[in-house]
Amino acid sequence: MERRRFLARAATVAAAPALLASTPPAPGALIDTNVSLGEWPTRRSWAGTPAQLASRLRQHGVTAAWAGTFDAVLHTDVAGINAQLSAACAREGDGRFFLPFGTINPLLPDWEDDLRRCHEVLHLPGLRLYPNYHGYSLDDRRFATLLAGAARRGLFVQISLSMEDDRSQNPVFTASPVNAAPLLDLLPKVPGARVMLLNCSSRVLGPGNPLLAKLAKAGVWFETATLEGVAGISSLLDKLPDLRLAFGSHAPYYYFEAALLKLQESPLTPAQLAAVRHGHARAALASA
Amino acid sequence: MKRRDFLATGALAATLPWHARAAQPSPAGEVAASAWGSAELRQLGAWDAHAHVGTPGATPAKRMEYLVRIADRVGVERMCIFMSPPWQYEPTPEQFRKSNDDVLAVLKEWSSRAFGFVYLNPTHTRASLDELERCVADGPMVGIKLWVGCHCNRPELDPIVKRAAELDAIILQHTWIKQRGKGNLPQESTPMELAELSARHPGVPLICGHTGGGDWSLGIRAIRSRSEIHADLGGGDPVYGEVEMAVRELGAARVLYGSDVHGRSFASQLGRVLGANLTVAEKRLILRDNLVRLLRPALKRKGITV
Ligand SMILES: [Zn+2]
């Protein structure tokens with residue numbers, strides 16, 4: 001058995017000279033719910049331009065990607081950042097590959113008009129929020145007002161709980177992960193609010209976490225970029241079969257291939273796989 | 001320009017093309033989950049420098065069975081395994097012996113897929129040397145795992161490194177740099193401390209576990225001048241740039257794929273190597289050949305041919 005395996009491997013390594021660099025198309029749609037344009041301030045990127053990012057994603061079978069911009073984390077000209085993001089997404093290919101997710105900072109003066117423009121001028125499908133970099137927590141009443149405003153306008157809301165491992169941040173550029181627990185009280189009070197949490201890490205996605213089960217019950221969406229563990233996706237779905245878990249990569253901050261391989265590592269039924277690859281993402285935007 | 005963009009984005013929102021694309025029906029049974037269909041991936045033949053058998057299962061061997069089943073899905077052929085749960089930061093001799101007993105139980109049934117590393121706590125120097133004899137000199141294990149029980153630049157490690165070199169047993173020392181060192185556990189080592197240890201033992205190969213973790217750019221620098229130290233890439237987030245920097249600064253021959261399962265996935269750690277901007281030859285070194293080379297002397301002693 002062992003020898004047969006070894007021989008089989010030796011024979012096929014030679015037959016795969018590109019070492020998985022280019023591959024046949026995957027079955028069906030694949031929606032990446034967590035990519036960003038631009039460069040993270042403390043890292044180089046493998047995707048210098050939106051076109052390079054799109055090219056790599058397409059090469060691996062991604063059919064659409066929900067894009068924020070790293071600029072949204074630190075810049076305060078939010079309206080300008082959102083307009084640039086929207087324009088950059090429109091320029092790529094036929095304008096249908098990247099879906100722009102603009103940001104709002106509810107601590108900035110007249111943020112309400114930024115929200116209005118996201119909806120009425122840019123026609124964005126949703127927002128991506130960075131509470132730990134923008135200076136508020138999820139029990140802040142200004143966040144509640146923003147969430148209600150987004151719900152009224154039918155905007156889907158992504159909340160990034162972290163952007164990088166807080167143990168290895170540059171000491172002059174730190175942000176603690178966002179605590180998602182206040183959503184449990186807030187969501188029932190905001191009818192129509194639709195929320196996805198990005199980059200939850202094992203703090204939320206860890207096995208047997210009671211907060212995860214409660215958030216899932218409240219209808220929150222999650223994505224896979226920071227989901228870890230052996231066969232992480234199937235292990236999580238074994239415990240929470242109804243979890244709204246969508247595919248996400250946090251590219252280009254992460255290597256995109258890390259996310260893609262998670263789909264292969266987990267033994268999933270065709271229905272589970274379709275839900276993660278595109279089903280939950282589509283439903284999230286369709287329920288507007 | 002502005003108006004054109006406005007029109008383009010307006011049209012995009014109006015037509016909602018992302019909803020419109022219908023999924024192709026999935027065939028019955030297991031389907032290839034990604035563009036990397038299982039067939040090609042399963043033949044990768046990677047050797048994993050860093051694995052823990054903490055997966056579900058009633059016995060250590062059953063836990064390994066589960067781990068192997070998943071490893072097969074992503075082309076991991078062999079794993080260096082060590083430290084059976086529960087984790088103890090500063091284990092007593094009794095605790096590390098119990099942990100090693102679990103690994104020995106795994107090896108009884110899975111020697112075709114696993115290499116055992118003996119878990120020691122150098123604070124208990126005599127007991128660690130005795131355990132090294134039991135598990136490596138007189139047992140089936142081929143390496144040593146040191147975790148967070150004792151700063152690795154301390155003199156207690158010297159007799160262990162000497163004996164390890166006599167036995168051709170490679171040492172994998174956990175390292176991490178949390179909040180630039182301020183957030184480390186009381187006895188947790190850094191790559192800088194491993195470089196100090198290496199300087200006292202020139203010529204003895206060592207593996208820098210995690211290479212400093214998330215602050216790998218510091219870890220890689222810290223071990224750069226010690227050519228005996230190899231960088232284990234595993235255990236951190238798959239942040240772009242680590243693999244490329246390690247190869248640039250250390251050379252591909254000093255870089256190892258390790259996953260740190262079961263806490264991590266195989267996927268995120270393999271993905272960073274497969275996705276890196278490197279040649280195929282460099283990726284092969286990292287995924288397999290470097291670890292084969294490092295383990296070969298110990299495997300030869302045990303009569304294991306690869
Ligand atoms: Zn480990």
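Chain letters run A, B, ... following the sequence lines, proteins first, then strands; residues in each count from 1. Side-chain atoms are counted along with the backbone in the values below, which use heavy atoms only and exclude waters and symmetry mates.
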Just verifying a value: how many Å separate [X] [atom1] and [Y] [atom2], rounded to the nearest 0.5 Å?
{"X": "B:Trp176", "Y": "A:Ser168", "atom1": "CH2", "atom2": "OG", "answer": "8.0 Å"}
{"X": "A:Arg43", "Y": "B:Tyr240", "atom1": "CZ", "atom2": "OH", "answer": "11.5 Å"}
{"X": "B:Lys178", "Y": "A:Asp166", "atom1": "NZ", "atom2": "CG", "answer": "11.0 Å"}
{"X": "A:Leu260", "Y": "B:Leu274", "atom1": "CG", "atom2": "CG", "answer": "10.0 Å"}

Does [atom1] belonging to [X] count more than 12 external heavy atoms closer than 6.0 Å?
{"X": "B:Arg293", "atom1": "CZ", "result": "yes"}
{"X": "B:Tyr89", "atom1": "OH", "result": "no"}
{"X": "B:Lys302", "atom1": "NZ", "result": "yes"}
{"X": "B:Arg221", "atom1": "CZ", "result": "no"}

Is there a side-chain contact between [X] and [Y], using heavy atoms and a 4.5 Å cut-off?
{"X": "B:Glu244", "Y": "A:Trp46", "answer": "no"}
{"X": "A:Glu257", "Y": "B:Arg272", "answer": "no"}
{"X": "A:Pro267", "Y": "B:Arg73", "answer": "yes"}
{"X": "A:Glu265", "Y": "B:Ile70", "answer": "yes"}
{"X": "B:Asp237", "Y": "A:Tyr254", "answer": "yes"}
{"X": "A:Tyr255", "Y": "B:Val243", "answer": "yes"}

Exercise. Which region of A:Tyr253, side chain (C-beta onward) or backbone (N, CA, C, O), has a non-hydrogen atom less than 4.5 Å from a non-hydrogen atom of chain B, or is it both or neither?
Worked result: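 For A:Tyr253, heavy atoms of backbone and side chain both lie under 4.5 Å from chain B.
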For this session: Report, by ascending residue number, the residues of residues 224-237 of chain A in heavy-atom contact with chain B at a distance under 4.5 Å; give 'none' if the set is empty.
Result: A:Glu228, A:Gly229, A:Val230, A:Ala231, A:Ser235
Under 4.5 Å, counting heavy-atom pairs only, tell me which of [options] racks up the most with chain A.
{"options": "B:Gly214, B:Ser265, B:Ser268", "value": "B:Ser265"}
{"options": "B:Gly183, B:Gly263, B:Gly212", "value": "B:Gly263"}
{"options": "B:Glu242, B:Gln179, B:Arg69", "value": "B:Gln179"}

Exercise. Given that the side chain runs from C-beta out, which part of B:Ala71 has a heavy atom under 4.5 Å from chain A: side chain, backbone, both or neither?
Worked result: neither
Problem set entry | Part of B:Val273 lying under 4.5 Å from any heavy atom of chain A | neither
Exercise. Which residue out of A:Pro252, A:Ala259, A:Ser45 racks up the most heavy-atom pairs below 4.5 Å with chain B?
Worked result: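 Among the listed options, the one with the most contacts to chain B is A:Ser45.
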